[in-house]
Asker: 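One structure follows; several queries about it will come next.
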There are 2 protein chains.
Amino acid sequence: MDRIAGKAHTKHYQKGAFLFRSQEKDDALYIVNRGKVRIYRLSDSGKEQLVRILNPGDFTGEWTLFNPDAVHEEYAEATRDTSVCMIQQHDVQEFLKEYPAISLKLLGEMSQRLEKSARQTAQVAVESVITRLVLFLAENVEPEMGNSPTITLPMAKKDIASYLGTTPETISRKFGELENEGLIQQLSGKRIKIQDLDDLLLYSE
Amino acid sequence: MDRIAGKAHTKHYQKGAFLFRSQEKDDALYIVNRGKVRIYRLSDSGKEQLVRILNPGDFTGEWTLFNPDAVHEEYAEATRDTSVCMIQQHDVQEFLKEYPAISLKLLGEMSQRLEKSARQTAQVAVESVITRLVLFLAENVEPEMGNSPTITLPMAKKDIASYLGTTPETISRKFGELENEGLIQQLSGKRIKIQDLDDLLLYSE
DNA sequence: GACTTTTCTTGATGAGAGTCAATTTTTTTG
DNA sequence: CAAAAAAATTGACTCTCATCAAGAAAAGTC
């Protein structure tokens, strides 16, 4: 373990700085220590699609890691002051050869991410916006509480819009619709009260 | 290598048979030997979204492999007579521990698939159908030829529709549109002639 | 706390794409 | 090769959602 620790660098990024940009050559693995990082893509026409948000403990960069020659197409932007642990491709490969069990862990993580991505593709492709929003809310309820939970949106509404492949205007209207139907209540800030989770899920058809 | 060969079973599926269905407990890795397999998902409302098509050499089942307890949400259907090599979760894990280099290969494959999935999500989310179709065609040109290539559609148009998150009717219309614009010619069967690849790509805005 | 900036909301309008239905073409099968 | 099944096409209609614009609210900054 010390071997790899010796190869890792800690880097700090201010809010708004990029860990990497699309098309840039880069072959490091980034593990977030502190802060928050948005991973997104840009279409030809300049519209962005949020891929995911990295919180402490999350990592990115596995693409270039195992496909060193190819360019990647994502942007990684620190949305607040962030520190990351950065390990070069070569060192990671060495490390994985030495500790095969880690590869299995990594494969597990990757397959989860793949599953999530496939699910998101399917949702964006075939579900209406209201359904996507409901499913998004359902995925983000804190598991603790019962059937009438209060949730905290994990990102700004404009980011939810981007993540769900729609616009802030539409998201705003859909939240309004859910509130009119008595299914949710928008409390202050990012807090949302769900009246009845089952009812909410039933609404998405 | 013999160790794993001993653990593998060969199974045959007739056209229309399922290797597995959504929600079914299953923890095997499937490697396609011969034939063709459609991997797809169903929305609540019953609409399907094609995730990918497996040809000989391709594999699936990695999800349950590394997340044995979770249920998967995909359907794997043989679209012609198919034979697969099937290996149980436990045996794969043993095998990977014994040959760590394979894990690295697998990680490479998974990260490519993840990249492709993310790209597809982004496209379905923010691009118009005509743009998605053009990008799909561009991705499927055989690399050999110059700027006026002939391509063979890798799947039925209805599957392209499903893959691109739209309907057969719309795909049919968009192909017609491209043909009217003089950008492509639909030859017999699944063969398409592209007049000028650059022009085609420029059209997608 | 006042100012600036970003995010969110609301309205009006239009276009892209889905749905339903009927026909034609292609592919499959015995 | 003929019959059956599946896939593709075309037309008419509808509707969800994006866009543009303008104002309100919230968050961040000095």
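To find a chain, count down the sequence lines: A is the first, B the second, and so on, and within it residues start at 1.
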Asker: Can you figure out which of D:dC20, D:dA7, D:dC17 approaches the side chain of B:Ala156 most closely?
Answerer: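 Within the option list, the nearest is D:dA7.
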Asker: Could you check how far CZ of B:Arg191 sits from C1' of D:dA8, rounded to whole Å?
Answerer: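 Roughly 19 Å, once rounded to whole Å.
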Asker: Write down the distance between CD (A:Gln186) and C1' (D:dA24), rounded to a whole number of angstrom.
Answerer: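 Spelled out: CD on A:Gln186 to C1' on D:dA24 is 15 Å.
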Asker: So which one's nearest nucleotide on DNA chain D is more toward 5', A:Glu169 or A:Glu127?
Answerer: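 Result of the comparison: A:Glu127.
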Asker: Is a donor on one side and an acceptor on the other found under 3.5 Å between the side chain of A:Ser43 and the backbone of B:Glu127?
Answerer: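 Side chain of A:Ser43 to backbone of B:Glu127: no pair is present.
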Asker: Let me know, please, whether B:Arg80 or B:Thr166 comes out on the 5' side of the other along DNA chain C by nearest nucleotide.
Answerer: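 Upstream on the strand: B:Thr166.
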Asker: Taking atom C1' in both D:dA24 and C:dT13, compute the distance separating them and give it to the nearest angstrom.
Answerer: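 Comparing C1' positions in D:dA24 and C:dT13 gives a spacing of 22 Å.
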Asker: Tell me, yes or no, whether the heavy-atom count around A:Lys116 atom NZ, taken from other residues, nucleotides or ligands under 6.0 Å, exceeds 12.
Answerer: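 Count not over threshold, so no.
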Asker: Could you give the NZ-to-C1' distance, from A:Lys158 to D:dA27, as a whole number of Å?
Answerer: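 A:Lys158 atom NZ is separated from D:dA27 atom C1' by 13 Å.
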Asker: I need the CG-C1' distance between B:Leu153 and D:dA7, as an integer number of Å.
Answerer: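 Computing the B:Leu153:CG to D:dA7:C1' distance gives 13 Å.
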Asker: Select from A:Ala125 and A:Ile171 the residue whose nearest nucleotide in DNA chain C is closer to the 5' end of that strand.
Answerer: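 That would be A:Ile171.
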Asker: State whether the side chain of A:Asp196 and the backbone N or O of A:Asp199 hold a donor-acceptor pair below 3.5 Å, judged by distance alone.
Answerer: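 Between the backbone of A:Asp199 and the side chain of A:Asp196 there is a qualifying donor-acceptor contact (under 3.5 Å).
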Asker: Among A:Glu74, A:Glu48, A:Glu77, find the one that has a salt bridge (charged side-chain N to carboxylate O under 4.0 Å, His left out) with A:Arg41.
Answerer: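 Of A:Glu74, A:Glu48, A:Glu77, salt bridge (charged side-chain N to carboxylate O under 4.0 Å, His left out) with A:Arg41 is met by A:Glu74 alone.
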Asker: For B:Glu177 and D:dG11, what is the distance between atoms CD and P respectively, to the nearest whole Å?
Answerer: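 Answer to the nearest Å: 14 Å.
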Asker: Report yes or no: is the cationic atom of A:Arg113 (NZ for Lys, CZ for Arg) under 6.0 Å from the centre of the six-membered ring of A:Phe59, at an angle within 45° of the ring normal?
Answerer: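 Yes, cation above the ring, under 6.0 Å and within 45°.
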Asker: Any side-chain N or O of B:Lys157 below 4.0 angstrom from OP1/OP2 of D:dT9?
Answerer: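 Indeed, a polar side-chain atom of B:Lys157 lies that close.
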Asker: Assign the ring pair B:Tyr75 / B:Tyr40 to parallel, tilted or perpendicular, where the plane angle (0 to 90°) is split at 30° and 60°.
Answerer: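 Parallel: the ring planes of B:Tyr75 and B:Tyr40 meet at under 30°.
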Asker: Would you say NZ of B:Lys105 has more than 12 non-hydrogen atoms from neighbouring residues, nucleotides or ligands within 6.0 angstrom?
Answerer: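 Counting other residues, nucleotides and ligands, NZ of B:Lys105 stays at 12 neighbours or fewer.
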Asker: Which residue lies toward the 5' end of DNA chain D, A:Val129 or B:Met155, if each is placed at its nearest nucleotide?
Answerer: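 Its nearest nucleotide lies further toward 5', so the answer is B:Met155.
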Asker: Find the distance A:Arg173:CZ to D:dC17:P and express it as a whole number of Å.
Answerer: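 Going from CZ in A:Arg173 over to P in D:dC17 covers 12 Å.
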Asker: OP1 or OP2 of D:dA18 sitting under 4.0 Å from any side-chain N/O of A:Thr167?
Answerer: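 Indeed, a polar side-chain atom of A:Thr167 lies that close.
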Asker: Chain B on DNA chain C: first and last contacting nucleotide, 5' to 3', under 4.0 Å to a heavy atom?
Answerer: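 The protein-touched segment is C:dA17 to C:dT29.
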Asker: Atom CG of A:Leu187 and atom P of D:dA26: how far apart are they, to the nearest Å?
Answerer: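 Going from A:Leu187 (CG) to D:dA26 (P), I get 13 Å.
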